[in-house]
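This report concerns only the one structure given below.
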Amino acid sequence: MMRPMKLAGSKLMFGEGCLAFLSQLGAKKAAIVIGGHSMERSGNLDRVKKILEDECVNISVIKDVEPDPCFETVLRGAKEMIAFEPDTIIALGGGSVMDAAKTMWIYYEHPELKKIEDILPPNTFPKLRNKAQFVCIPSTAGTASEVSRSVVISDSTGMKHGIGNMEMMPDVAICDPEITMTMPSHITAETGLDALTHALEALASTRANYLTDILATQAAIDIINNLPRACKDGKDIKVREKMLNASMVAGLAFTNVSLGIVHSMAHTLGSYFHTSHGLSDAIILPYVIKYNSEKSPKAKSIYDNFVKALGKKGPLEDIISALNEEVNIPKDFSSIVKDRKAYLAKLDEMTICAKADGCTKTNPVIPELNQFKELFLMVYPEK
Ligand SMILES: [Fe+2]
């Protein structure tokens, strides 16, 4: 039997100017969570504050969420929230900020929880929304954390934990393309390819269904058709809007039917070598599409049908490789993880980690350990 679908939280806003919806949140005290200084420099933080201040909302800003947020940052933010007592939490930033803010929300609502293990199985996931509603305003078009039930948080050893529960679905997602206008070209490329990976892995997922196929197909088409322009001309708001909407729609699909081994491998490489998530997905994606096509006739026919819907010809992995090249994504990890010896030394551990990743079980074919090893070697070949 299929799992029940949930398409975003209670309110989903998208399109130019929808940031104004902040005035209708009914907030009295809002904690705004941001990352480094990009939201301050771009003026986006001030725009958000102005709309809230016009409604006499009392504001506290929680700053300095780092990329690949760690659990200590989550506890720091939760502590600030416990002191401020917001009725509304607003995450303003990319995937790291949204994931950290979602997790801060859990520990704010439940100060009795102290450790990351407290929200991991076999513990019961806590109920939220007793103290605050949760709002996401994405500044990148990629992770779709604004409509997803999941977060990725690193523990004190640097190991990344992917945690998923529908309780964490943000109540309000405000996807205004103006917020993404200042995103640099390489971040546009990496996050856009993360979104494309979400769409294509949802499409090939063993849990894929009629509705997620519709969402994932159109999202992938829009990303492939718009990403090069978004990278070349970040000031074209219509292209930014297409990318942000497509990322969000890919999120609606994947959060319901999960992903595949591109994400298992990217999570693993992120844990062991701190490679950026979007860039890792982008590099791995064509290799895994080829692998899945060779091992699973069903996956091959899904990819072939998608290429037809896209109006192109040839194997999907070639189309993705050409797109990667156009937006300056390297072909392999040699320029990213410089020490190949260190990479090889971790190969056995990485294969075990990738096989155990939660995304592996919905890949169209489940690789054996030696096949994962081959895939890790393919994405970083000897030269
Ligand atoms: Fe992702």
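As the structure lists them, so they are numbered: ligands from 1, and atoms in each ligand from 1.
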In terms of side-chain geometry, is the basic nitrogen of E72 or R76 positioned less than 4.0 Å from the acidic oxygen of its partner?
no
Among the N, O or S atoms of H277, which one sits nearest to the Fe ion (ligand 1)?
NE2
Heteroatom test (N, O or S) for D281 near the Fe ion (ligand 1), limit 2.8 Å
no
Check ion pair E85-K131 (N to O, under 4.0 angstrom):
no
Could you grab the angle centred on the Fe ion (ligand 1), going from NE2 in H263 to NE2 in H198, to 10°?
90°
Verify, without hydrogens or angle tests, whether T255 (side chain) and G251 (backbone) share a donor-acceptor contact under 3.5 angstrom.
no
Please report the C-alpha distance between K114 and D118 in whole Å, then the side-chain angles of each, then the deciding distance to 0.1 Å, and finally whether the salt bridge (charged side-chain N to carboxylate O under 4.0 Å, His left out) criterion is met.
CA-CA 7 Å; K114 306 283 180 206; D118 293 339; over 6 Å; no
Looking only at N, O or S atoms, which one in D194 sits nearest to the Fe ion (ligand 1)?
OD1
